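Taking it in order: structure first as structure tokens, then the write-up.
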Amino acid sequence: MIDWFGRARRDLPWRRADCTGWGVLVSEIMLQQTPVARVEPIWREWLDRWPVPSALAASSQGEVLRAWGKLGYPRRALRLHAAATVIATEHGDVVPADVDTLLTLPGIGAYTARAVAAFAYAKRAPVVDTNVRRVVARAVHGEAEAGPPSTTRDLADVEAMLPAAEAEAARFSAALMELGALVCTARAPRCADCPVYDGCAWQRAGRPAYTGPVKATQRYAGTDRQIRGLLLDVLRDTPEPVWKDSLDVVWPEDPGRRDRCLGSLLEDGLVEQIPDGRFALPGEHR
DNA sequence: CATTCGTGGTA
DNA sequence: TTACCAAGAAT
């Protein structure tokens, strides 16, 4: 696995030797549920503009949301801003290397905490994302897909196969993820190119089809997520606050639901209503 | 444990 | 064209 990784690994900017823990953290947050190709240009802009956590913390939430653009799940941007504030004020502007400390930061969960510890600081920690879950399901358990996620079980699975030495474990974690991303892919795995072909339980079992529960396909068109996205799109595109009618036009067919979406954006802190009644991205018009 | 939360590319 | 997919976290 580690030899294969040395040959096949992608040369991503957050994997460069000179990339800081902050750079790794920003990449991990951006990469949550988001393809590498879409993250890369935004990540570069962010690291140029905000090379350290305190720099991001000094910007308003609105500026941060604009720079996030259409990466998706904008609450991630707000949480990253909040995490940067904590890191700047309580951790000397240095991203923590300890998993338990990372877990206390907003927006950092079981995966991201271990990914930062492993990839930024070469710590020995099981890093379990959707790629790793799929590789383990196939190579270890002989099944085509991973079942429903269970953090405790998933972490234990990977912990059991992690090399003892710290630096080696970190490389192995990166290799496992990269294997799932490049070879052991969801729809058309390239088994002929797989470095663990001979040891793969799924291969040996004759690559049986998945029999477990089918997860409901997640729709987007016509959902609250789409409406919220349309509302935010208006505010990202205007430097000045807008009156409500400018927001109403994005979803005239169901005013009740649209207003509920606006309300949820206000609750989430993604939108703010200023004293004169207009709406704006948060933190820019005090 | 199940839902919710954006967005765009691709088979 | 639809359905699936992409380095999850919070509730």
Side-chain angles (χ1 to χ4, degrees), chain A residues 9-10 12-15 19 23-43 65 68-80 82-83 102-120 125-135 144-155 158 170 173-182 184-189 210 213-236 250 257 260-261 264-265 267-271:
Chain A
R9 60 177 296 186
R10 292 166 291 178
L12 303 170
W14 45 85
R15 283 181 176 167
C19 184
V24 173
L25 174 56
V26 172
S27 79
E28 292 301 340
I29 300 290
M30 288 183 171
L31 285 163
Q32 291 169 2
Q33 303 287 286
T34 310
V36 167
R38 209 177 320 158
V39 165
E40 212 174 312
I42 309 291
W43 183 89
L65 286 169
W68 191 260
K70 306 200 72 167
L71 260 192
Y73 295 139
R75 296 191 290 194
R76 291 183 294 167
L78 244 36
R79 291 177 181 144
L80 182 50
L102 286 162
L103 282 170
T104 67
L105 298 172
I108 299 188
Y111 162 75
T112 304
R114 291 172 178 80
V116 170
F119 303 152
V127 178
V128 184
D129 73 329
T130 182
N131 290 307
V132 170
R133 280 170 32 75
R134 185 174 55 247
V135 171
E145 296 177 29
S150 159
T151 303
T152 308
R153 183 161 37 78
D154 297 339
L155 285 175
V158 175
S173 294
L176 208 49
M177 276 186 58
E178 194 76 335
L179 186 68
L182 298 182
C184 196
T185 55
R187 52 178 188 276
Y210 179 66
V214 179
K215 49 185 178 289
T217 165
Q218 189 164 224
R219 223 167 280 308
Y220 182 63
T223 62
D224 285 3
R225 292 213 306 299
Q226 184 189 20
I227 298 172
R228 286 164 55 107
L230 292 169
L231 292 169
L232 267 186
D233 221 14
V234 172
L235 297 174
R236 271 194 303 259
V250 306
R257 201 145 75 86
R260 231 176 304 121
C261 286
S264 73
L265 287 170
E267 283 180 29
D268 291 347
L270 286 163
V271 174

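FYI, side chains are in, hydrogens and waters are out, and symmetry mates aren't considered; it's all heavy atoms of this structure. Remember, predicted model here, so these are calculated numbers, not experimental data.
For DNA chain C, the outermost nucleotides in 5' to 3' order that have an atom under 4.0 Å from a heavy atom of chain A are C:dA3 to C:dA10.
Counting any heavy atom pair closer than 4.0 Å across all strands shown, A:Trp68 reaches no nucleic acid atom. Note on A:Thr112: only backbone sugar-phosphate atoms sit closer than 4.0 angstrom, heavy atoms only; bases stay farther off. Contacts of A:Leu78 with the nucleic acid, taken as non-hydrogen atoms under 4.0 Å apart, are absent. Nucleic acid contact class of A:Pro106 (heavy atoms, under 4.0 Å, all strands): sugar-phosphate only. Among the protein residues, A:Arg10 comes within range of the nucleic acid bases, having at least one heavy atom under 4.0 Å from a base atom. Counting any heavy atom pair closer than 4.0 Å across all strands shown, A:Ala110 reaches sugar-phosphate atoms only and no base atom. As judged by a 4.0 angstrom heavy-atom cut-off over every strand, A:Thr130 is placed among residues touching the sugar-phosphate backbone only. Within the nucleic acid shown, A:Ala186 comes within 4.0 Å of sugar-phosphate atoms alone, with no base atom in reach, counting heavy atoms only.
Partners of A:Arg79 under the salt bridge (charged side-chain N to carboxylate O under 4.0 Å, His left out) rule, at least two apart in sequence or in another chain, do not exist in this structure. Taking the salt bridge (charged side-chain N to carboxylate O under 4.0 Å, His left out) definition, one finds that A:Asp233 meets it with A:Lys70, A:Arg236, sequence neighbours left out. Considering only residues two or more places apart in sequence or on other chains, A:Arg10 meets the side-chain hydrogen bond (donor to acceptor under 3.5 Å, both in side chains) condition with A:Glu178. Partners of A:Arg260 according to the salt bridge (charged side-chain N to carboxylate O under 4.0 Å, His left out) rule, which considers only residues two or more places apart in sequence or in another chain, do not exist here. Annotation: salt bridge (charged side-chain N to carboxylate O under 4.0 Å, His left out) contacts of A:Arg9 (sequence neighbours excluded): none. A:Asp268 pairs by the side-chain hydrogen bond (donor to acceptor under 3.5 Å, both in side chains) definition with A:Arg228, not counting sequence neighbours.
Between A:Val128 and A:Arg133 the shortest side-chain heavy-atom distance falls below 4.5 Å.
Note: CZ (A:Arg260) to C1' (B:dC5) measures 16 Å, nearest angstrom.
Atom P of C:dT1 sits at a distance of 26 Å from the matching atom of B:dG6, rounded to the whole Å. As rounded to the nearest Å, B:dC5 and C:dA7 have P atoms that lie 22 Å from one another. Look at the P atom in both B:dC1 and C:dA6: the space between them is 23 Å, to the nearest Å.
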- Message: Generate the contact string for nucleotides 6-11 of chain B. Rules: B means base contact, S means sugar-phosphate contact only, - means no protein heavy atom under 4.0 Å.
- Response: BBB-SS

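Here the CZ atom belonging to A:Arg134 is positioned 9.5 Å from the CG atom belonging to A:Leu179, to the nearest 0.5 angstrom.
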Show me the donor-acceptor pairs within less than 3.5 Å that the side chains of residues 26-36 of chain A make with the rest of the protein, sequence neighbours left out.
| unit_1 | atom_1 | unit_2 | atom_2 | d |
| --- | --- | --- | --- | --- |
| A:Ser27 | OG | A:Val24 | O | 2.7 |
| A:Glu28 | OE1 | A:Tyr111 | OH | 2.6 |
| A:Gln32 | NE2 | A:Thr112 | OG1 | 3.0 |
| A:Thr34 | OG1 | A:Met30 | O | 3.3 |
| A:Thr34 | OG1 | A:Gln32 | O | 2.9 |
| A:Thr34 | OG1 | A:Arg76 | NH1 | 3.1 |
| A:Thr34 | OG1 | A:Arg76 | NH2 | 3.1 |

